[in-house]
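The next block holds one structure in the form of structure tokens; read it before the comments.
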Amino acid sequence: MKSDDVALSIDGVSVQFGGVWALQEVGFELEAGTTLGLIGPNGAGKTTLLNVISRIHRDAKGDIRLHGESIARLSPHHLTTRGLARTFQSPPALSELSVRELLQIGYVAGQNSRRGRHRLRRGSDDRLIDEVLAGLGLLELRDEGCSSLAYAEQKLADLGRALCQRPSVLLLDEPCAGLNAEEKREFVDVIRGVQEERPMSVVLVEHDIETVLAVSDRVLVLSFGRKIAETDPSRVMDLPEVRREYLGEAE
Amino acid sequence: MCRRFGLSGFLTSAVAVLAVAAPWIFSPYTLYLATLAAVYAFGAIAVNLATGYIGILSLAPAGFYAVGAYSAAVVGPHAGDDLIVVSGAAIVISAVLALVLALPVLRLKGIYLAIATFAFALVVQRIIVALDDITGGNVGKSIGTLKVVGWVVPNPTSLYFTVVVVLAIGLVFSFLLRSSASGRAMFMVRSDEAGAAVAGVNARRLKAVAFVLASVYCAVGGVLYGYVVGFVSPSNFDILLTIQFLAMAVIGGLARPAGPLIGSMFVVIVPSVLSAFQTWIPAVYGALIIVVILLMPGGIAGLGAQLGGALGRWRASHAPPSPEEDAEASSSLSITEKKAVR
Ligand SMILES: Nc1ncnc2c1ncn2[C@@H]1O[C@H](COP(=O)(O)OP(=O)(O)OP(=O)(O)O)[C@@H](O)[C@H]1O
Ligand SMILES: [Mg+2]
């Protein structure tokens, strides 16, 4: 694969907490514009992997390249200027910010981006923000305080903040937890909609297997910090580990 | 938006009208208190910026306030007691000190940060005592009459208006900051520093900016305090002053731009209004503060949002639940509709 086509490459990433390996020699390549589903049981190391990629967790072994550049020396806030965005498994409790203000933070982070520097005319930030809000069904709530929203809505608002960055690589940590079936479908539509418009690579950590299979081009299975498989979505349910986890089958 | 800022907006306008009319409706003593409240408000704004906006629990304000007041006492005589020159000097000195202090101290958090900044305030006080040749040491030093670009500020009323104008500029700036990109980023840092960093915010730099800004507010307030009171001594700038600023900011409403003004009026003026109660002043005053803190977590300036929220909940619990079903019908927009009536 040419390095131009690889948005994110991870090689030999290991993390230890106390004596326990949260991640062991994990690696993958994420092709530009594609989606990688990341699944695995609780405690498998999925969030830890996203923390390593977004540089919140800094003492990991291994090599991480974003658009071919090593991010080993960068701080989290540098990564937004290189096109990386991420959401959190539990959304930050933002007591004094409205939904719109949260998305504005994402927009400003995207404005400083080297990639896709798109200084827009004044006022058009409102248009982008409203578009994102409408896509997520949050338009009517834009002036509400973030902490007054329901949990699922807070997660959607956090996703909106990440989308307003117009990222080239988006890391999502269980975005569908707490959403109902309809909302999950809309989430899939939103991600697909963005990807149709421009190349955006996505790493999707999600327990809802249907959603993962619906949006992923590849699926990586983690278990106890190890990568036990990386395969096409169509083959995922053939894996014995996955069948055991999701269908409750005995070995 | 309207609901959130409705009452505090109304209060702010009321305060503005009162501020202009004050010299004609208040006794000279009350006017002096109002002037004092206004110069204390700078310290409360500083606390609001550092603690309310970005979440740094700093106990340095009294130290920077002292820097300002002693700029008036020491630099003032050499600069013709000109507000612009003395404030300029105080701003430069405090900004440099704050920046130097910020580098090591802002790595700390919570109580450790509080203690480290408290140490700074203590050191400032000790240095003032040690340099008694120029500062007057423990005895203190009297301060001349304020001038503004050659115009001698002649009487308490014009001194009051001078302070009010400078305070208005400071307040406007803190309002603008609140709604700016930096202000939003500060609020995110306060709630979740790691989250803010991932959202592209350089939290460390932003904290330093907030800390320096807060220090500059203190220094300017200190300069005006010096000219209003006319005399400074190191004991004016102990931890109690910082606690007072904290109390003003919290009572007024942390994180709300109008909070410091309301809080400083409350802390300075309410005790004198209570003077009818004579010996019971401290107890009544203390009880009032506890009532405000208990009943109004958003401070007095947060009362609007608090009442709005309560009203919203009351309405929600009394509203007929029908629109939810209608929303389900229009399938693709269902999230929007449903959220709207949530
Ligand atoms: N900061 C930490 N300190 C110590 N151990 C940690 C820390 N963070 C994670 N771990 C451990 O590392 C392992 C991986 O955790 P991680 O949160 O990455 O799992 P996960 O796959 O995201 O799980 P879940 O599906 O429950 O979110 C777990 O055993 C967890 O207890
Ligand atoms: Mg997790």
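Residue numbering restarts at 1 for every chain, and letters A, B, ... go by the order of the sequence lines. Given the structure is predicted, the values throughout are model-derived calculations rather than measurements.
When all heavy atoms are compared, the tightest approach of B:V198 to A:Q165 is O-OE1, 4.3 Å. Scanning both residues, B:A199 and A:A109, for their nearest heavy atoms gives O-CB, 3.2 Å.
For CZ of B:R205, the number of neighbouring non-hydrogen atoms (other residues, nucleotides, ligands) closer than 6.0 Å is 12 at most. Around the CG atom of B:L103, the shell of radius 6.0 Å holds more than 12 heavy atoms that belong to other residues, nucleotides or ligands. Residue A:Y151 places its OH atom among more than 12 non-hydrogen atoms of other residues, nucleotides or ligands, all under 6.0 Å distant. Atom CZ of B:R204 has 12 or fewer heavy atoms from other residues, nucleotides or ligands within 6.0 Å. The local environment of CZ in A:R73 is sparse, with at most 12 non-hydrogen atoms from other residues, nucleotides or ligands closer than 6.0 Å.
Contact residues of residues 207-215 of chain A toward chain B are absent (heavy-atom distance under 4.5 Å).
Highest contact tally toward chain A, considering only B:A194, B:A185, B:S179, B:A197, is held by B:A197 [criterion: heavy-atom pairs under 4.5 Å].
A search for salt bridge (Lys or Arg N to Asp or Glu O under 4.0 Å) contacts involving A:R142 returns A:D130, not counting sequence neighbours. Among residues two or more places apart in sequence or in another chain, the salt bridge (Lys or Arg N to Asp or Glu O under 4.0 Å) test is passed with A:E197 by A:R166.
Side-chain atoms of B:M188 and A:E101, non-hydrogen and from C-beta on, never get closer than 4.5 Å to each other. Between B:R184 and A:V108 the shortest side-chain heavy-atom distance falls below 4.5 Å. Counting heavy atoms from C-beta outward, B:V201 and A:H77 have side chains that stay 4.5 Å or more apart.
The distance from atom CD1 of A:I105 to atom CZ of B:F187, rounded to the nearest 0.5 Å, is 10.0 Å.
Within the 4.5 angstrom heavy-atom criterion, no atom of A:L79 approaches chain B. Proximity to chain B is absent for every atom of A:L133, based on heavy atoms less than 4.5 angstrom apart. With a 4.5 angstrom heavy-atom cutoff, A:R161 touches chain B only via side-chain atoms. Contact annotation for A:A93: only backbone heavy atoms (N, CA, C, O) come within less than 4.5 Å of a heavy atom of chain B.
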Name each donor-acceptor pair under 3.5 Å that joins a side chain in residues 41-48 of chain B to protein atoms two or more places apart or in another chain, with its distance.
residue: B:N48; atom: OD1; partner: B:A255; partner atom: N; Å: 2.7
residue: B:N48; atom: ND2; partner: B:R256; partner atom: O; Å: 3.1

